[in-house]
Amino acid sequence: MRYIRYLILAVIGVALIAVALANRDLVTLTLLPEGLARVVGMNQSIQLPLFVVIFGGVVAGVLIGFIWEWLREHKHRAEVSRKSKEVGKLEREVKKLKGEKHQGKDEVLALLD
């Protein structure tokens, strides 16, 4: 399985390098559309290779997806936290009740119960 994983990673790496080499031309990224930039009075722009824009978009999408899922699953994590606290409380209560039940008895007989 390890070799299959390395093979898949190598194929993905070669594909990414091929995309980067094929898309080396510079593109201009502007912050605002032309009409809105005239109204606001500023127009920030930067020139980057196209593959940087493509890979940056993919990375930004993955990060947004991770954050979205983390926020969406908050209710499940909170419920697990509440349940684990409840389990700890019940375990302490069971331990206390077992101690009260076998108080004053022989330890060997208490173990048999």
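All values below were derived from every heavy atom in this structure, side-chain atoms included, with hydrogens, water molecules and symmetry-related copies excluded.
Using a cutoff of 4.0 Å between basic side-chain nitrogens and carboxylate oxygens, Glu86 and Lys89 are not scored as salt-bridged.
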Between side-chain atoms of residues 74-84 and protein atoms elsewhere (two or more places apart, or another chain), which donor-acceptor pairs fall under 3.5 Å?
from  : atom 1 : to    : atom 2 : distance (Å)
Arg77 : NH1    : Trp70 : O      : 3.0
Arg77 : NH2    : Trp70 : O      : 3.1
Ser84 : OG     : Val80 : O      : 3.3
Ser84 : OG     : Ser81 : O      : 2.9

Which atom pairs, donor and acceptor, lie under 3.5 Å between side-chain atoms of residues 5-25 and protein residues at least two apart or in another chain?
from  : atom 1 : to    : atom 2 : distance (Å)
Asn23 : ND2    : Val19 : O      : 2.9
Arg24 : NE     : Leu21 : O      : 3.1

List the atom pairs, with distances to 0.1 Å, where a side-chain N or O of residues 40-58 and a protein N or O form a donor-acceptor pair under 3.5 Å, not counting sequence neighbours.
from  : atom 1 : to    : atom 2 : distance (Å)
Gln47 : NE2    : Thr28 : OG1    : 3.2

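Taking CG of Leu36 as the reference point, atom CD of Glu34 lies at 10.5 Å (rounded to 0.5 Å).
Residue Glu69 qualifies as enclosed at atom CD: its count of foreign heavy atoms under 6.0 Å is above 12.
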